[in-house]
Every structure is written in structure tokens, then in C-alpha cells.
Student: 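Have a look at this one.
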Protein chains: 2
Amino acid sequence: MPKKITMADVAEMAGVTKSTVSRFFNGGYVKKSTRDKIQKVIEQYNYVPNTFARLKAKESSVIGVVVPTLNSKVTSRVITSIDRYLRERGYTTLIKNSDHDIDLELQNIQKLIHLNVDGILISSIAMTKDHKKIFEETQIPVVVLAQDYEEGISIIDDDYNAGKYVGEYIGKTGHKKVGYIGVYETDVAVGLHRKDGVLDGLKAYGIVEPVLAKSDYSFIGGQKCTREILEEEKVDAIICATDRLAFGAYKVLQEKGLRIPEDVSVVGFGGYDESSLLTPELTTLKFDSYGMGYLGAETILKMLKGEPVSKKQIVEYEFIQGNSVKLEDLKDYNKG
Amino acid sequence: MPKKITMADVAEMAGVTKSTVSRFFNGGYVKKSTRDKIQKVIEQYNYVPNTFARLKAKESSVIGVVVPTLNSKVTSRVITSIDRYLRERGYTTLIKNSDHDIDLELQNIQKLIHLNVDGILISSIAMTKDHKKIFEETQIPVVVLAQDYEEGISIIDDDYNAGKYVGEYIGKTGHKKVGYIGVYETDVAVGLHRKDGVLDGLKAYGIVEPVLAKSDYSFIGGQKCTREILEEEKVDAIICATDRLAFGAYKVLQEKGLRIPEDVSVVGFGGYDESSLLTPELTTLKFDSYGMGYLGAETILKMLKGEPVSKKQIVEYEFIQGNSVKLEDLKDYNKG
DNA sequence: CTGAAAGCGCTTACAG
DNA sequence: CTGAAAGCGCTTACAG
């Protein structure tokens, strides 16, 4: 049972001192011939240095990433993208899942800070005073993903304009009575900005009193809200703040025998692959989650190097036209 | 700008030595009154100990988890479940993504070993000789998820029997010419066992020469293979090794104007939420991914405590009947 | 019940 | 170009 090899062991076997081996790994000066000796030992024993034992190093080469859940399409895309970017540049990604628990999220941030990570990327469903306080007090660079963060650096979706686009689209296509399934307003980006965009877009077409419902981010939540809306009023369109909520709407509408889009149009936000498989294909607005991860990772590394970065970067969106919105009315509208 | 607080700082402020603070955190003997003093300082400064500075500790309380991708429903469920289980028991989960790259996967394992993690959970799409060699050489407990590992401890899906169940189901319902979209055989669990189960199930009903296709795990791959199968022969059913592949099959069949299930039946493995939203609802076999994560985490902790564990644990599956398989033939079959 | 001292695996000025 | 020494933030026998 071969014991775990340490840097000192490698040094001894290579006939040098651990200072030299350390320099070997950190790009310091090492003569070619000794470099070769060290290399040989490393390969023979599959030695990898312990990233977390670099207690005295100025930089840890570790970036912490805090996410609200591991169980979401969008999050999966974002962290895949971050992890790839950082790995290719020699950084270690340390993922901390908060499981939709705000206290745990704050704890996770504290832990990362004390772990001496070089930077923190946080994708949160809410930016509270506590978050801001921690971020102000730490000297570690922080990039906030998906939420506005006026006091610092953030990468955000263009929630307001995306919402407005969708609101106008629904108005333009001649819908009269619209339901909106949103999320709680502690999530400022989705709960407020996206909603405001949608409402303003609708208003531009004279739709002023949509039926509003609020949900968590679940499939079940989408179903519940759809039932609430249908009980309250006879709507001809339901706009959902996420695709998953739209899946819930589909489920309930189909159960009730209502046709999409003939009886009720449905739109989502998300652009999941699966959405194009629904019948009818879901019309949805896709944010560039990979882009968000990429920009976030790029930005944090720039900050480490002291390069200037934008205070706020806005990620693109793309409207994906499916067949879940009734377009006939559009003709009437154009004629009228 | 408050500097980062260390254990020594906490000790000084509490008027004790860091040995005592360390004992405070690790359950050693500390008098109630000094415990209170330490507690107060900790709260005031939000102090959290650096988990990775426990270089001399016998146990690190860190469990490493290696996954082949972060971008899959099944993986998301498995790691969510692991993370939750471990967190509630005071362990830190360290997630390493291999991005479907086998070399990176081996590197990740090496890194975890040198990081001194207490145990490793690995979900792999292939168990190579290299994997086995590393696992044999290390003294760190390893639990393999989703792949058979005769030389050690594993938690597996019941791939063969699940496959057989589906094969028999398709046979029983009177299909005659069947296509199978599998994955590469380096993935022994899915590529071999699941396939063998399907083939044996079909054989029991006299279906002996299914049209076979092989794919990676992507939506695009599912589409490609579906086209190949359709070009090769007129099948009345396509069995897909994963739901995502089945999504690809849906896409292509619908494009070609073939009706599901009237013209071609489709079955998948996975039981994703979205599958029930397809039209027709996908008939699929669901493995208990949360259960797999739970069992994996439970097993590794048992191993740490020296408790006995089963060499192999098999996770349950559940057949979810949608409407994507033609059942009329079943009647004929029963009559005949 | 608590402290002093040695040490975990690494990095970093500082000599030479 | 490389080594000796001090130190990073912790833990752990060992005294007392």
C-alpha cells in the first residue's frame, strides 16, 4: 500500500529540496536538467500537489462558485461553462450548493472567504443586505451572476427588455386577457425586472390588468398557478417566468382539455432543449447561460490581474418562436 | 477592511489558546464558560475555520465526488442528493467535473487523493484499467456509482433487468421490427448490460435481429441514430438507452411525419420530468437517482466508520407507462 | 479542563 | 540556479 507521496518525497527522490519542487510547479527558475529529474519522479508516482496546502501562497488558484441549486438546467449550463473556462487556465473551481436556503448560502460565502479563494462567483436568487455586507467587508473579488449588484460587479440577463419583448409579442399578436406566472420578488432579476418588462410590454398594447400569480421555481408551482389563473379569469395567454413553469402550464391546460395555442397561448423564458419537443413547440426566450458563465469566469480572472472590468455586463437573449402562441390574431391586428 | 480572522485571532480575543479553539470545533473538552467566550467571538466575526488547513488532522471531513458532466438530469439528481446527505452530517462535498474526458477524470481522482479527502464517490461512464489501478493503490475508501466494480464497492442501477423489462414489454405488445439506440460499450452499465437486457427481453418474444445504433449521450446523437435506423429498415419501435436519446427520436420521427406510437413506438430510460410533457407522453423506465446518491453517501460514511457495507447495492427502478408505445397489438397478442 | 510544542504539505523571501 | 529557514492555519499528543 504505497503511502501518499508529498512534495518532500518527490524532492528527495529527485535529489533536490522541496523549495525547488515547489518552484517547478509554480513557474519559478529550475534548470532544465533538474526539471527533467523532477518530472520523472512525478510521472512515476502520479504526484499531484495538494492545492489546499498552499496556505502561505499569495494566490490559491481556487475560485469559489456559489449556486442556489444543482438541479436546474440554467445552473448546470452556467457552472459547466465556468468550470471549463477556469480549468483551462489552471484554476480550480470549488462549487458550493446552497440548496435554495439563504442561510446556507451566506454560510457558503463565509466558508469560501475563509478558504482563501482568489475570487467568488455567486449566482443567487436573492441579494440581501447580508450578502452586501459580506461582500463589502471582504477584500476578495466577487462577481454576482444573474442579479443586479449596484455596489459591485455583475453579469446579468437583460430581464427587463426580454420581458418587454415577450409582453409586446403577446400584445402584438392580439391577445386580450393575459395571465402571468412570476416568481417571488426577493429574486429581483426575475421576480421584479422580468415581470416589469412583461407588464410594460403588455401595457403598450393596452393590456393593463393581467392576472398575476407567484410561484417557486418548480414544475408543481407552475401547475398550481395555472389553475389559480384559470379559476380567476378566462385568459387567452399565459406568460411564464421560466420554461419549467410553462411546463406546468402545459400540463394543466392539457388536462383541462384546453388547446394550445387555439384556446390559450403559452410563452416561457429559458430555451431548454426539451421545450422544442413539446407539442406545440414552446415559444420561449432563451438567455445565454453558457455566455454568462464564460463572462463571469473571464471577469473574475481579469479582476485578479488588476485589469479593468465593466461594472455591469448584459448577456444576450434570443427569441425562439415555437407554435405555442396564436398568431392568427396578428393578421387581424395588422389589418385593423 | 477587516483582515481575515484566523483561529489564532479568535483564540486571542477569547483569551485562550488556539488549541482550545480547535478543540471547540472538533468536539474536544472545553469548559462551558470558555466555550461561551469563544462562541461570542466567533459570532461577532463570522469566523469559520478553514476546512482545508486541517493538514494534520486524521480526518478531513471532505468527501470528493467525481462526475462525468454537470449537465445532465441524472447527475444533477445524484449530486444534489449526495451533497444534502453529507452536508447534514458535517461533511464537505468537493465536486469534480470531468467533462466527459477520461484523462481529466483520472486526474481528478489523483487530485482528490492528494487532497486527503476521506472518501471518493465516483460516477463514471467507464471503468478502465487505470481507474482500477488507482483505486487499488489508494487507501482511501472509494464507492463507484452507476458502474459495476467487482473489485470494490458499487451502487448500481439494475441495468440488465430494467433493459429486459423494456425489451419484453416491447415484445409483449406485439412489435416485430425494433431499433435500439445504445451508447458506446466502454460504458459497461449502459452500453453493455442495459443493451443485453433489452436484447434478451426482445429475444424472449422472438425478436432476434433488432437494428442497432450507437450514440454519445446527446440530443443530436439521438437524432442521428434515429435517421440511421429509419434508413436501414422499417421499424415499428425504437428503444432508446436514455430519455435524451428518445427526445432525439421524437424530433426526427415528427419531422418525418411518422406518428408515435401508431407508426413507431418509442421507449426511453430516465424518467425525466419533461418526458411526461411530450405528446404522446414518453413511456420510460425511471431509475432512482436520488436513491443512488443517498446510498452512495451513506455507504462511504459507513466505510469511514469501519462499519460493514454491501459490496454491491442495486437501486430500484420504476416503469412509467406513457402513451408512446402502441398497445393495440397487445390485444392481438393476448387473443392469438 | 487548557496550554506549549511539534508538525501537516506547501510557499516564499533571502542567501549564496 | 538552488537550499535553509520561517511560516501559512490548523490539529494533536503530551503535560500539567
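Chain identifiers are assigned alphabetically (A, B, ...) following the order of the sequence lines, protein sequences preceding nucleic acid strands; residue numbering begins at 1 within each chain. Scope of the values below: all heavy atoms of this structure, side chains included, with no hydrogens, waters or symmetry mates.
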Student: Between residues 44-66 of chain A and DNA chain C, which residues have a heavy-atom gap below 4.0 Å?
Tutor: A:Tyr47, A:Pro49, A:Asn50, A:Ala53, A:Arg54, A:Leu55, A:Lys56, A:Ala57, A:Lys58
Student: Calculate the interatomic distance between B:Asn26 atom CG and D:dT12 atom P; express it in whole Å.
Tutor: 6 Å
Student: Could you pull out the closest heavy-atom pair between A:Thr75 and A:Thr69, with the gap in Å?
Tutor: CG2-O, 3.0 Å
Student: What donor-acceptor contacts under 3.5 angstrom involve side-chain atoms of residues 104-111 of chain A, with partners at least two apart or in another chain?
Tutor:
{"residue": "A:Glu105", "atom": "OE2", "partner": "A:Ser124", "partner atom": "OG", "Å": "2.7"}
{"residue": "A:Glu105", "atom": "OE2", "partner": "A:His131", "partner atom": "NE2", "Å": "2.5"}
{"residue": "A:Asn108", "atom": "ND2", "partner": "A:Asn97", "partner atom": "O", "Å": "3.2"}
{"residue": "A:Asn108", "atom": "ND2", "partner": "A:Ser98", "partner atom": "OG", "Å": "3.4"}
{"residue": "A:Asn108", "atom": "ND2", "partner": "A:Leu104", "partner atom": "O", "Å": "3.4"}

Student: Mind checking the CD1-OG spacing from A:Ile79 to A:Ser289? Nearest 0.5 Å is all I need.
Tutor: 11.5 Å
Student: Please work out which residues in residues 10-21 of chain A have a non-hydrogen atom less than 4.0 Å from an atom of DNA chain C and list them by number.
Tutor: A:Lys18, A:Ser19
Student: Please compare A:Ser22 and B:Lys31 by the position of their nearest nucleotide in DNA chain C and report the one closer to 5'.
Tutor: B:Lys31
Student: Can you classify the ring geometry of B:His114 versus A:Tyr47 as parallel (below 30°), tilted (30 to 60°) or perpendicular (above 60°)?
Tutor: perpendicular
Student: Can you run down the salt bridge (Lys or Arg N to Asp or Glu O under 4.0 Å) pairs that involve residues 28-39 of chain A, sequence neighbours left out, and say none if there aren't any?
Tutor: A:Lys32-A:Asp36
Student: Using atom NZ of B:Lys37 as one end and atom P of C:dC1 as the other, report the distance to the nearest whole Å.
Tutor: 14 Å
Student: How long is the line joining CD1 of B:Ile38 and P of C:dC1, in whole Å?
Tutor: 13 Å
Student: Is A:Asn116 touching bases, backbone alone, or none of the nucleic acid, heavy atoms closer than 4.0 Å?
Tutor: nothing
Student: How far does OG1 of B:Thr6 sit from OH of B:Tyr45, to the nearest 0.5 angstrom?
Tutor: 12.0 Å
Student: Using a 3.5 Å limit for the pairing distances, which stems of at least 3 consecutive Watson-Crick or G-U wobble pairs does DNA chain D take part in?
Tutor: C:1-3 with D:14-16, C:5-12 with D:5-12, C:14-16 with D:1-3
Student: CE/B:Met13 to NZ/B:Lys40 distance, rounded to the nearest 0.5 angstrom?
Tutor: 14.0 Å
Student: Tell me the interatomic distance from A:Leu115, atom CG, to D:dC10, atom C1', rounded to whole angstroms.
Tutor: 12 Å
Student: Quickly work out the A:Ile42 CD1 to C:dC10 P distance and round it to whole Å.
Tutor: 11 Å
Student: List, with names and distances, any nitrogen or oxygen atoms from the protein found under 3.5 Å away from nitrogen or oxygen atoms belonging to nucleotides 14-16 of chain C.
Tutor:
none

Student: Angle class for the A:His100/A:Tyr217 ring planes (parallel below 30°, perpendicular above 60°, tilted otherwise)?
Tutor: parallel
Student: For the side chain of B:Thr80 and the backbone of B:Ser76, is there at least one donor-acceptor N/O pair under 3.5 Å apart?
Tutor: yes
Student: Is any NZ, NE, NH1 or NH2 atom of the basic residue among B:Glu12 and B:Lys18 found under 4.0 Å from an Asp or Glu carboxylate oxygen of the other?
Tutor: no
Student: Drop me the distance from A:Ile95's CD1 to B:Leu94's CG, to the nearest 0.5 angstrom.
Tutor: 9.0 Å
Student: Keeping A:Asp118 on the side-chain end and A:Ser61 on the backbone end, is there a donor-acceptor pair under 3.5 Å?
Tutor: yes
Student: If you count heavy atoms of other groups shown closer than 6.0 angstrom to NZ of B:Lys311, is the number above 12?
Tutor: yes
Student: Figure out the CZ/P separation between A:Phe24 and C:dC10, and round it to whole Å.
Tutor: 14 Å
Student: Do the side-chain N or O atoms of B:Thr34 get closer than 4.0 angstrom to the phosphate oxygens (OP1, OP2) of C:dT2?
Tutor: yes
Student: Can you check whether B:Ser218's main-chain N or O pairs, donor with acceptor, with B:Asp216's side chain at less than 3.5 Å?
Tutor: yes
